[in-house]
Amino acid sequence: MAAAMDELLAVAKAKGILLPQLGPQPPHRIPTFLRLPNWLYSRLGHKIDPQARSSMWQDLCDGRETEIEFLNGAVVRLGEAARVP
């Protein structure tokens, strides 16, 4: 997930897209936090509800196609247009 976020950040920067801050950390810090060991991530006050499930998880459970191509495909296409590897 951190690597996908790194790609998104690189493409957004190249395209001049300002990503919104949706949680306690600005977008550029999220990959660093995602790479922390679970014990440290939790100690820093970041909690994820153990019952939380993503929409992608729901798609998989229900046998539906996920949004991977839609989301990641958009980043890839924008990256290619901006010549971001």
Point to revise | All pairs passing salt bridge (Lys or Arg N to Asp or Glu O under 4.0 Å) where residues 61-73 contributes a residue, at least two apart | key: D59-R64, D62-R64, E69-R77
With the 4.5 Å side-chain cut-off for hydrophobic clustering, are [X] and [Y] part of the same group?
X: F70; Y: V75; result: no
X: M1; Y: L9; result: yes
X: V84; Y: I17; result: yes

Closest non-hydrogen atom pair, [X] against [Y]:
X: I30; Y: M5; value: CD1-CE, 4.0 Å
X: R35; Y: D6; value: NH2-OD2, 2.6 Å
X: P20; Y: P27; value: O-CG, 3.4 Å
X: A2; Y: P31; value: CB-O, 3.7 Å

Practice item. To the nearest 0.5 Å, tell me how far T66 OG1 sits from W57 CH2. Key: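 It comes to 13.0 Å.
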Check your understanding: How long is the span from the CG atom in L71 to the CG atom in L8, to the nearest 0.5 Å?
Key ->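 Between atom CG of L71 and atom CG of L8 there are 10.0 Å.
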Check your understanding: Do other residues, nucleotides or ligands put more than 12 heavy atoms under 6.0 Å from R53 CZ?
Key -> yes
